[in-house]
Structure formats: C-alpha cells, structure tokens
Amino acid sequence: MMRLLVSADIHLGSPIRSVALRNPDLGDRLKQASRDTFAEIIDLAISEQVDALVLAGDIFDNGYPDLKARAFLISQLARASEAGVPTVLIRGNHDALLDHKAHGDLGPNVHVLHKGTPTVEVGGTAFHGLSFDAAHVAKSFLPDYPRPVPGKRNVGLMHTSLDGAQGHDPYAPCAERDLMAYGYDLWCLGHIHAPFERVDGPVLAVMPGIPQPRHFGERNGGTVTIVSVGEGTPEFERRAIGHLGFSECALDLSACADQQEVLRSLRDTLMSAQVPGSDMAVRLHVTSDRHGTELVTELAVEVLDSIDGVFLDKVKSAPPPRKPGAETDDLVRLMQDELTEDGFRQAALQQLEELRLALPSEIMDELDESGLDALLEEAIAEVSLTLHAGALR
Amino acid sequence: MRLNRLDLIRYGRFKDAEIVFPRPVEGVPDVTVIFGPNEAGKSTAYHAFLELLFGFKGGAHPYAFKFERSDLLVGAELDLPGRGTMALHRNSKRTQSLLDAQDRPINEAILSGALHGLSRETYEERFSLNEKGLREGGERIAGAQGDLGQLLHAGLSGLTGMAQTLDALAERADKFHKKRGRGNILKTGSDRLKEIGRELRADRLTTERERTLRHDRDRAAAEFEGVDAELRQTHQRQAASKAAEVWYDRTEEIGQLTEALVDFPEGPNLHPGAAERVAGLVEKIAAQTIRIAEAEEEIDKQDQVVADNPVDKLAQTLTAELERLDQLTIDGASLMGRANTARADLARRREDQEKLSRQIDAVLRLLQVPDAPASTVALEAGVLEDLAAAVQDFLTASFSNDAAREAAGAARAQQGEAPAEPQDMTALRAAFDLWKTVADLTAFETDQSQALARLTKVTAGLPASWKELIAEGLPARETLDEVGRNWMALTADLASARNDLDARAADLAEARAHLCAQEAAPDAVDIVVTEETRRRRDMVWRQHRDDLTTETADHFEKAMYADDGTRAHYLIGAEARQRLLAAQGQVRTADARYGAAKTRHDDLVTLRDRLSERSSRLALALGLGEDATPSAFSARQQALTAAAEAAAELSNAKEALKARLAHQEVARDALIDAARPLGLDRANGDLPAQVQRALTLEDSDRKAWAKWQEGEKTIDKLDSKSAECQTDCETAQVNLDQLTAALPLPDRSLEAIRAALPHLRSLQQLYGEHRKLSARIEALEQAIAALAEGAQRLARIVDDPQDETGIDPVQVIDRARARVVGSTRADEKRVEAVLRRDETDRSKRRAETELQAAIDDLNGCFEGQGGQDLLPRDRVAKLVERDRLRANKATADRDRQKARDGVDADLFAEELDRMPDATRAAELELALKDVQDSRDTARDAQREAARLYRDAFEAADRSDLATEQATLLEELRSGARQAAVARLGVLAARGALRRLAEERRSGMLRDVEEAFVTMTTPAWTGVDVWSQAEGEKLVGIQSDGSTVPIEQMSTGTMGQLYFALRLAGYRSFARDPGPLPMILDDIMETFDDTRARAALQLCAEIGTNGQAILFTHHAHLVELARDSIKGVTVVNMPD
C-alpha cells in the first residue's frame, strides 16, 4: 500500500482577488496565502507520513514570475525530503520557473518528470509524467506518455484540461476515456481548479483542485487529495486546506418591513455562512425592490463588524421578478424601450468605452462591449431600486 | 376597485368597528370624507386598509397593543372588477391570511389582480397623499428643474426623487471616475496600482532580472579580474625598476671597493673576532711575563722566613706535661685555674669548720645529750620529716577523737524520748482518693438538664411522631440531595420540553396552515384536478349540447371557466406546486419535530411521575405530607437528624449520671471498710470528714516519727566516728614510738619530741654543713700537692735547678707554657712560608705555560697573512679593514642579486637600460596608484553586483503588495461596474423620461394645467412647455402672461403643482388600467379656504374617475367639502 498526497495548481505568489481582503486583519492574514497553503501541504504530507508528494503542475503562476518563489519551493520540498517524503512533479502551463535547464535542479528526492526523464520509480511504484514549456498546448500529451511498467503500479501525472472545463483555457486536451484506458492505476491531474475524481474499473483519476481558492470562481477548491494505491482501485480522501473559502448567499429582503428587519435578515444570512476555523468571503445575491447594491453593501459591512470569520466579497442586488400581470412601472418600461434604440446603444457604448479606457488594463475586460446588455439590465434595476430607496428614506 | 366598507374587527383599539363608504348615486363624485379628531384612529384605519389589501407586515406590529398580533383581524367589502362585490377578511398569518366571509382562505390573486400587481409600497406611493408628502413632493420636484418627463413621472408614480436619484447615480459614477477629474476613486486607485507595479517590478526576481543581475555580477567580476591583472603587472614593473636601480647602485659600489683592496695585505679573511683575539693575546703575553718575574721574587722571600724559624725539640715533651697538668681538676674546675686561690681559701675553710663544730655542741647541750656524738643525734632529713609528720598525725588524731566523743554525747543529750509509731493509713487514703473522684455529681446533672433542654428545642417544630420516624430510619442525605437535584433538573427540563412542545405545536400548526394555504392556492392544482375539471367540463358540455337550455349554458359556462381557471393555474402553478411540496415537507418536518418534542415531553412526564412517587415516599419517611416538594426535604431531614442527635445526647447524659451514682456507692463502701480498723465510724458523724481529719493528722505524726528516727541514725554515726578517731590516735602513737626508738634522748614523749623537733632540725642542718666543709678542705690540700709535683717534673725536663728548689710551681709552669707557645708560633710561620713558596712556584710555571700558548695563538692568527713587518695590533687592524671592504663588496653583490630575485627578467632588462633615471620611481608610483584606484573601483563594483544578486534572492517576499494589488483591482473592477451601471442607468432614465414626456404630455398636460389653474386661479392661468436642448421644460404662466420656471415658484405653488400632477397621474391610471381608491390625509390643512375649496373640487374630480377618501380632523373642511362637492359622504370615525 502506497499513500500519496496529490495536489496541483498551487500558483505560488498569485494573490487572492477579493474585496474582502480590504479588511486589514484578513488582508494581513492572507497576504501570503499561497505560500502558507503550500507550507500547510508540506506539513500535511509530513504528518500523514505519505510515501510521496505528487504535484501535477502549475506550482507557479505566470502572472507572478519570481525566482524567490522558486527558492521558497525548494526550501519547502527540502523540508519534506528531510522528513522522508520524496516529491514527484511535472510542469504546468504556468511553470516556466521549473525549467531545470535554466534554473537548475530542485534538490534531492525531488523528481521533475519531463521528456528526457518521463519515468521515475519511487517506493516500487512507477511515476510517469511529461512537462511542456508552452503556455498553450493544443494537442494531447497522452500518446507521448510511456507505456505502463509491467508488474508495477503505475501512476501518471498530467496537466490537462481534459475534455474542456469552463473558465479554463484548453491545455493539452485529452479524452477522459483514453486516459482511463491507458493502463495506469492512477492519474494525478492538474489545471482544472475544481476538484473531482473519476473511477473507471480499477483506475482512478484525481483532480485535487486548487488548494487555496483565489476568487469566487474557484470557490469549489480548497482541497488536496490523499490517495492510497494498493490492490484494486486506488482509494481517495479529500482534505480541506487553505485559509479562505468563498460562498454564495441569497437573501430576499422583499418582505422586510423596516430597516431593523433588513439588518436582522442580513445578520442571519451572513451568520449562516460562518465556517468554524476558517475565514469565508461571501457573495451576497439580494432580492429587493427598495435596496440597491450600494445600500445593501453599507448595511452588510455594518453587520459584519460583529460577525467573526465572515467577510464581504461582493453584493449583487436585483428587484424581485415581476408578478404575472403586474402593472409595469412606466419608467422601467420606457427604459427598456430606450435600450432598443440604436442611438441609445451608441451613446451607451461610448460612455462604456470612455470608462473602460480609463481602467487599468488588467480589469478592462469588466466593461467589455459584450457585457453591455447585462450592464444595462443592472442599470435599469439600479435606477428603480435607487428611486424607491429614496422614497423609502 | 372600490372600497365599500372597512371592518376593524380586531385592530388597534377597535373591536367590531366599521367604516362605511356609501356608493354614490349616478353622476355624483365618489368622495367620502372621514372625519375624526386627532387620535380618533384615522391612521389606524388607513393601515388596516393597506394590510387588508397587501397582508400584514412582518415583525412587531404597531397596532397589536389591545389584541395579540395573532388575533388581529380586519375586513372589507370591495367591488372588484370582474368579480363583483366581495367581503374579505385578513388575519396576521404569514400565509393563507386572506379569507372570505366565512373565514376560508382564498387566493391572493383575487386582490393582486384588482390591484394591478402593485406592491404595497407602490400603492402607497401612487394612491396616498398626505400633507407632508404634498409639501415635500412640491419641494423635491423643484429638483427636476421643470423637466417634463420627471414631473409627469412624479405625477404618475408619486415618486418625487427622480432628480435626486439621477444626481446620486451620476455622482456615484463621477466619484469613481470623471474625465480629467482628480482625487476620484479610479485615479487614486490607478496611481496606487502604478506605485505597486513599480515596487513589484523592482522587487520581483524574474528570470530576466535574474539573468541581468547574474550578467552584471559576472561582468563586474571579469572587469575586476582584468584590472587586478593590470595592477599585478604594474607591481611587477615597479619591482623590476627598483631591482634595476639596486643593481645599478651596487655594481658601482663593488667597483670602488675592488679598487680600495689593492693596498691591503694578502691573505684569507680573518676569522670572526680575530682582531679582538689578537688584542687579547698581546695583552695576555705582557701580563704573563710580569707574573713570572713577581713569582721568582716571592720564592726568595719565603725561603728566608723558613730559615728564620727553626724547630724546638723539647716542645713536644713540655706540651704533654702541661696537658696532664691542665687535665687535673678541683671541685669540677681546672686545677691550674684555681691553683693561685686554693692556698688562700684553705685557711678560711678551716676557720669555718671550727665555727660549725661549736654550734653543734651547743645544740647537743640543748637536747640534753652533750656527750653524744653528733652523728648519733643528727637525723637524716627524710627521717626528720617523718618524725614531724608522725607528731602532727598523733596530735590531729587526738583532737578528732576528742571532738567525736563530744559530738556523740551532745546528740544523745538532744534526742530525747521516742514518740509513738504512726499507724498505716495507705488503704484509707486510697479509698478516700477513690471516693473523692466520684463524690461530685453536679456536672452529670448539668449535662442531663442541658441535653433535655436541647431536645425540647429541636423537637419543637417536629411532629409528635418524630421518634417513630427516627426509629424507622431517616433517608440518606445523598438520596435526598439526588432527588432534589433530579427534581429541579426535571422541572426545568419539563418546562423547557413543554415550551418546546408548544413551539413545535405552533410550528406544526403554522406549517399545516401554510400547507392548507398552499393546497388552497389555485395555482397549486395538480394534473389530476385539471383532468377532473376537464372531465367535468366535457360532461357539462355534453349535457348542454343535449339540452341547450340557459341553465345548462350557465352550467357549461361555469364549468368552462372553472376548467380554464384550473388549467391556467396549473400552467402558471409550477412554483406554487413547488411551494406546496415544500409546505408538505415542512409539515412532515414540523410533525416529526413535534413528535420528537412530544416524546421527550412524555418521557419527562413519566420520569417526573416516578420521581414524584419516590419523593412522596421520602416525604412520608420525613413526616411530611405526600405532596411535599423535595425542596423541603433537606430542612426536615436536618431537623430530624438534630432531634435524633439531641435524644441520643440526653440518653447518654442519663446513663452517665446513673453510672456515676453506682461508682459513688462502691467508693463509699470501700471507705467505710478502710476506716473501720482505724476506729472511724459513720455513727460518729460525716465519715469522709472524719477520714479527711485523720489523714491530715497522720501526716504530722508521721513527720515526727521520721524526725526521731533520723536523730537516732545521726547518733549512731557520731559514735562510729568517735571509735574511728580512737583507732587513728592509737596508730599515730605507735608510729611515733617507732621513729624515736633509736634517738639517744632522755625523754621521748610526744611533748618532748614535739619540743626537740626544732633543735633536731638545727642539728641536722649544722651537721650536714660541717661534713661538706671537711670534704672540701681535704680536696684543696690534695690539689696543692699535685701542682707542686707537676712543677718539679717540668723543671726536670728543661733542666732548671731553681725549679727543683720549689720556689713557685706556678711560675715554673708559666715559663714552660711560654716556651711551648713560642715553639708553636715558629712552626706555624715556617709551614706557612713553605706553603706560599710552593704555591708561588706553581703559579710561575702556569704563567710560563700560558705565555707560550699565547705566543703560539698569536702566530696562528696571522697564519697565511701578509704584513709580517707590522706589530700585531697594527697588522690585525689592517687586516680587519681589508676584510670589511671585502664584506661590503660581497654584500653589495648579494643585494643586487637579491633585488633580481622574483623579478620579471624582461622587465628588469628594460628597466636596467633606463638606469640611471631619477624620475622613474615617482613615475611608476603614480601609475600604480592609478591602477590601484581602478582596481578598488572594480572590486567595489564586483562586490555590489554580487550583493545585488544575493539580495535579490534573499529579499523579503512582497506578497502583501501583490495582495493589495489584487484587492485594489477587484475594488476597481467592482467600482467600475457600478459606475458603468450608474452612468448607463442615468442615460437610460433620461431617455425614458423624454419618452414619458412624449407619451403622456398630450394626455396628462391638459389635466395638470386644469387642476393647477383650478387651485391657483387667478394668480396662475396655465402651464406651458419649453423645448430646450436638454429636453422639454414645464413652466407656469401667471395672470400677466409671464412664465415662471418651477424652481422659482413659491413652496405653496410647487405643492399645488405637485398635487395637480398627482391628480393627472391618478386620472391617467384610472383610465388605464383602472381606478383604485385614493387616500388623501388632511392635505388641505395648510390651504386657505379658497384653495381648499379648489382642492376639494379636484378631489371630486378624482371621485368622478374613481374613489376618493379624504381623512380630516378639521370640521371646517368637512363643511367646505359639503359645500364644494355635490353629494359628498361624510362619515365619522367609529368609537
């Protein structure tokens, strides 16, 4: 029986992207979240006395190239090695810093698998993997993988988008069925940040997920996987890791009679997001015909002052769906009519472009022309909510 | 919709009250004035109406002060379009709160349809107006700056904050970003991002930066190596130059030295120190020559001394004889030392001897034995002392004997007659002591009385059966505590469980009600019902087709509508069915929770019953009633325990008293038995007192008897002492007799001996001195004879005839001794002279040897050297100078050779060619300094480059910057979206308002103008619309034809304009989609009568198009209404 700790997509140096980190305490706690989480992975590998640590690519992040991170990685892997835990890893599409030709080896008991050395045997198990330098690879790696070693347990490491994953660029696409039929006992995968496992007969494929989610879109991450490879199908166990989780809460304020009730509902909802021992960034979807995003954000911030471990990621406020047959507000109706006018769209695009061009390049996509309709829908709702909120006040 | 009647069944302070709104006759405006003073409940009625229409609001209810919230109930009779008149009730439940007249839940859609889907807030905004709303609305529409669209929208929606809303949105967008703006969020954030970016770029160790740093480091190292090599080359050249300079100088010096050496003698170099050695040898030769001459002179001198002191041949014989004489002694001293005094001393000693003989004779006469030889009377000193001691012992023994005898007699005289011997009272005393320990009963009697009192006290509050309770055994304290604890816990649990059960029951009831409501909701119909209604419709259709009667037609119509309705509800009811499923799930959950709570409650009740039973048993065991609570157990248990303890103490006290009485009886009998042999009897009175007296007297008798016995013992001891002294006296007598037996004294009694003792001591002393003196005189005479004999032998040795005559032996001896001394001195001088001569001779020979050796050494020093014609000193000086020049030459050669060592040969040759060159050294020093500076600079650059490379790896991680960057970007992303939303919202709203103006101006503007003029005539005659670049603008027209922008109107006029807009809006809504009751709450209280009358006419206008309900507490407005509005209904608020 061999026990492995499988992780991938560490993205060392890549920070958490959430307004929640404007909270000074949280910001301070999480300023080195990726490093702290990786150190936690090493701690777990040592405490669990696994036979090997497997990293299936994207240890680094192209957006944050820093050889200091490489020095950090080496020190952590050395710590694992000194504790008797060897590491097997491959490069992902973010791992230019792992190029041993350019930067040298990572130290003893650390095996980087690549075309020159696609297989290494650790503890009687053959580990196979390939690393490619290109950030975008359109073809499957699988045909280039070594054939399984007869009489040994075979573990494959691959950085792949498989058949495609929402939110992830295609990278070394590979049909899942081909993967499972290749003859290996276990596939340790990376690239898709949400964790999953696939079992096909005696074969297990594990996507351990990003250990520290960096934004709301990665809210399903925060895990590593411990796999036991022995006779029969390998067994797996997900372990929670990371220091900040993301969650989504829906809140209907339509029935609230007054501000106190709004605050009470907000408090109840945000309290329900508390997770013992972990910080949570909450995205709040509010339904109200009186409370705009700004107002709800102000109230939520006020409420969160007295709730430990919960922080506001974002608020989205929208009016409730219109009742069938309800009389439409003239203003809303006419605004919707206005949207269909070419002149209006032209003016709207102009305003949007003016604002977009003023933005830092990293976030220009937020005001992309393709998002105009969604923005206009939000705009109509916001006008209505603000107008009614003014009446409420 | 029309409100016919409002039922305040249980609401606020009202109970079963109603407000009726009579339907006006045809052609009369539908206006109802509700009159009531302040606090009459007008606001209560208004809220009741709203809650009837839209349901009760959540949370604490402001009108639930007389009735519980759950009991609040309002009702109304309404005319509903398409449904006719309906009586409805509304309770405060969250769901299924709308009821029909029989309190059955009915579908909310009935009301919401009649309300055209308006929410409560929207209804309030559109169909209610009070004085405050009118005033503030007037002020707020000023912000519209006359914008027609905004004004018409305000009139339609009742929302007057459009201008503020658009301003707020624009401000929000501008706050985030404004073109060419400063200090906005985007600008500030972007600036910070740039700073962070710069810091990160500076901090981040990218591959490129690492490569650059590495390249810089390597380049700096290479540069350093180059400059360092140049420095080494310069050093070598400088060294070569110095070596060449040395070579040149030393070569010159060698030439001069070679030339100078030509004038010096040939020969090898002197050995080191040769000059000093030659000087020493010359000195040595001179000194040894002198020493030899002096020795020869001394030898001659000593030979003369030997000749002057010849040998004395008699000296040895004389010496032996004198030594014999010296060995003769007298009184331990040398005879020769005392020879001169002995002859004078002999005569004086003889005189002393005669004197002592006379004194001895005198003492013998005193002892009355003049003829006895002194030797027979004179005792040795030890014997004399023994005799004195014997005399003293005899005297002491006699005195002691006499004293002992006298003391015994005196004691016997004082002893007197013997007293009577006392009787033995030991048994009586023991019996009396025993009696005393038990005689006193007071403490026992006190203990008994105190125990009795305590028992009485602690049993005061106990039932009479306390003894039986104690006898049957009290429950254990732990048991009572346990029951008490359990009882309290159980009571609390039970109360909690009961509350929980109530809450669960309420939840269950609510869930069931909700389920009923959901089930009753028409939308919640399932497919089976639709099939049933369809089947019913088909059946009725078939029946109608068969009969074709009005009745079957009605039935079919009804069934058709029912089926259509059911299907319509089914089609739109997916959500309702989901709610129904959820409600069913909630009921199941609530039912399960209720069941669990009930089970827990029942279990606790069972436990409580069991515990109650156990508690009753314990209560009975404690003498309490069966229904006593465990809280009373502890106190009762303590009281009973105290009573048991007090009873036990009383019993113990009684037993103790009883035992003491028994002991007292036994002691009394023992005392009587012990007293009887002593003649003490109870018949003579108090026996213990008699015994006490007898024991007291027994003490004094026993003391007297003991004292007499002690006196007898003392007399016996004195008698014994007297006998011992007698024996000692007799022994001393015998001893004295023995010591005096040999003395030739006429009386040897104690007294005679005691008197003779001083004389015997004098005799002993005188006799001893006489004997010593006689012996000394004899020795002196023998010494004088021996001296004379010796002198005669000396005289014979030297053959001196005068000595034979014996004139004076001492002089003979002195002359002999002088001759011996003279001989001895001559021997000594002679021996010393011989020794000195021999020594001098040896010294002379050594000097001769050394002289020869020095001459040989001197010759050796100059061996092989020229200059033989010179004196040694001059010769060696010349040779030393020669050698110095030779050494200088060699040194110069070594120096120049040494200077070349390690020096580059080519460079040396180059530099040697330059010699002599006085400026070359300075020139090279300058060049070296320049290269040294370059090398230091290169070294610093290399170190700095290496440090930068190292520091780049060791620099602190700046993830905080990356995190701040990411957070800031997220903030800006969110802000940008909100700003875009705000901008687009403003854009869309302004476009929509323009459309609104276009769409409604024809329909509403006339109504607005008519209403405005009605209220403001004659000051205002109309309104107009200005077309401007930013849109159409409403202005007022005054009676003089001038136009006034709205924002320049007075507050009152703006309020009237706002009222006009609202009336126009109402009329527009009433036309399409349909009228709803308009609630006006004292809006005219600030109007003057003219304007109020005009406003009332406008209310009548509302009543013409729909229903106007006017609340007021002003009676004059009621009168004005009656005057102004034809057929107006005035209703008083109910009590």
Side-chain angles (χ1 to χ4, degrees), chain A residues 13 15-19 21-22 27 30-32 35 64-68 71 96 102 255-258 261 289-290 293-294 314 323-327 329-331 334-335 337-339 344 347-348 351-352 354-355 358-360 362-363 366-367 375-376 378-380 382-383 386-388 390-391, chain B residues 57-59 112-113 116-119 121 125 153 156-157 159 161-162 164-165 168-169 172 177 179 186 190 193 204-207 210 572 953 955 957 959-960 962-967 969-974 976-985 987-989 991-993 995-996 999 1073:
Chain A
I16 293 172
R17 302 198 289 271
S18 171
V19 177
L21 269 66
R22 263 301 177 203
L30 297 177
K31 66 186 179 186
Q32 291 194 317
R35 285 191 176 207
Y64 300 88
D66 196 334
L67 282 167
K68 294 201 293 291
C256 291
D258 52 31
E261 211 166 322
D289 55 3
R290 309 268 129 171
T293 300
E294 197 174 53
K314 194 175 281 187
K323 291 178 183 174
E327 180 63 19
D329 186 313
D330 276 344
L331 184 68
L334 293 170
M335 283 196 289
D337 291 347
E338 186 74 2
L339 304 191
F344 173 82
Q351 291 213 355
L352 196 64
E354 185 265 318
L355 185 55
L359 294 177
E362 297 96 323
I363 57 171
E366 184 70 25
L367 301 183
L375 284 169
L376 288 171
E378 283 182 44
I380 292 173
E382 190 65 20
V383 170
T386 309
L387 188 59
H388 285 283
Chain B
K57 282 200 168 183
S112 64
H116 311 295
L118 296 180
S119 66
E121 289 75 17
E125 288 160 0
H153 179 262
L156 284 167
S157 66
L159 296 169
M162 178 58 79
Q164 290 78 7
T165 298
L169 289 172
R172 188 192 302 174
H177 169 65
K179 217 167 183 179
L186 180 58
S190 297
L193 281 172
R204 192 167 285 155
L205 184 58
T206 59
T207 305
E210 188 271 341
I572 64 172
F953 279 93
D957 177 56
S959 298
D960 55 331
T963 302
E964 186 186 352
Q965 183 188 46
T967 307
L969 282 169
E970 283 307 298
E971 277 188 322
L972 293 181
R973 182 189 292 278
S974 176
R977 189 169 189 88
Q978 288 189 23
V981 163
R983 282 233 169 107
L984 295 175
L987 190 66
L993 290 170
R995 282 172 174 269
L996 184 74
E999 194 177 84

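Just so it is clear, the values below take in all heavy atoms, side chains as well, and ignore hydrogens, waters and symmetry mates. Numbers restart at 1 for each chain; the letters A, B, ... are given by sequence-line order, proteins then strands.
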| query | Considering only heavy atoms, which portion of B/Q164 lies under 4.5 Å from any heavy atom of chain A: side chain, backbone, both, or neither? | reply | neither

| request: With a 4.5 angstrom heavy-atom cut-off, could you sort out which part of A/T293 is near chain B: side chain, backbone, both or neither? | output: side chain

| Quick one: does A/R17's side chain get under 4.5 Å of B/R973's, heavy atoms only? | no

| query | Does any non-hydrogen side-chain atom of B/E125 lie less than 4.5 Å from one of A/H388? | reply | yes

| message | Which atoms of A/E362 are under 4.5 Å from chain B, going by heavy atoms: the side chain, the backbone, both sets, or neither? | response | both

| message | Report which part of B/S157 has an atom under 4.5 Å of a heavy atom belonging to chain A: side chain, backbone, both, or neither. | response | neither

| Highest number of heavy-atom pairs under 4.5 Å with chain A: which of B/T963, B/L972, B/L993? | B/T963

| message | Would you say that B/D960 contacts A/P15 through its side chain, given a criterion of any heavy-atom pair below 4.5 Å between the two side chains? | response | no

| field | Per-residue contact mode, B/A982 against chain A (heavy atom under 4.5 angstrom) | value | neither

| note | Shortest non-hydrogen pair, B/S190 vs A/A358, comes out as OG-O, 4.4 Å

| task | Name the region of B/L156, side chain, backbone, both or neither, that has any atom closer than 4.5 Å to a heavy atom of chain A. | result | side chain

| Are side-chain heavy atoms of A/L331 and A/L387 found at a separation under 4.5 Å? | yes

| Option among A/R35, A/K68, A/K31 that satisfies the salt bridge (charged side-chain N to carboxylate O under 4.0 Å, His left out) test with B/D957 | A/R35

| message | Using heavy-atom distances under 4.5 Å, tell me whether B/L193 contacts chain A through its side chain, its backbone, both, or neither. | response | side chain

| Relative to chain B, which of A/L352, A/D289, A/L355 shows the most heavy atom pairs under 4.5 Å? | A/L355

| message | Please identify, among A/I380, A/L359, A/I16, the residue contributing the most non-hydrogen atom pairs under 4.5 Å to chain B. | response | A/L359

| note | Most heavy-atom pairs under 4.5 Å with chain B, out of A/L339, A/L30, A/V383, belong to A/V383

| Option in B/K179, B/E999, B/R977, B/E964 with maximal non-hydrogen atom pairs under 4.5 Å from chain A | B/R977

| Are side-chain heavy atoms of B/E970 and A/L21 found at a separation under 4.5 Å? | no

| field | Contact check, side chains of A/E382 and B/Q978, non-hydrogen atoms, under 4.5 Å | value | no

| field | Interface moiety of B/L169 toward chain A, non-hydrogen atoms closer than 4.5 Å | value | side chain

| message | Does any backbone or side-chain atom of B/L996 lie under 4.5 Å from a heavy atom of chain A? Answer side chain, backbone, both or neither. | response | both

| said: Which heavy atom of A/R290 sits nearest to which heavy atom of B/S119, and what is that distance? | reply: NH2-OG, 4.5 Å

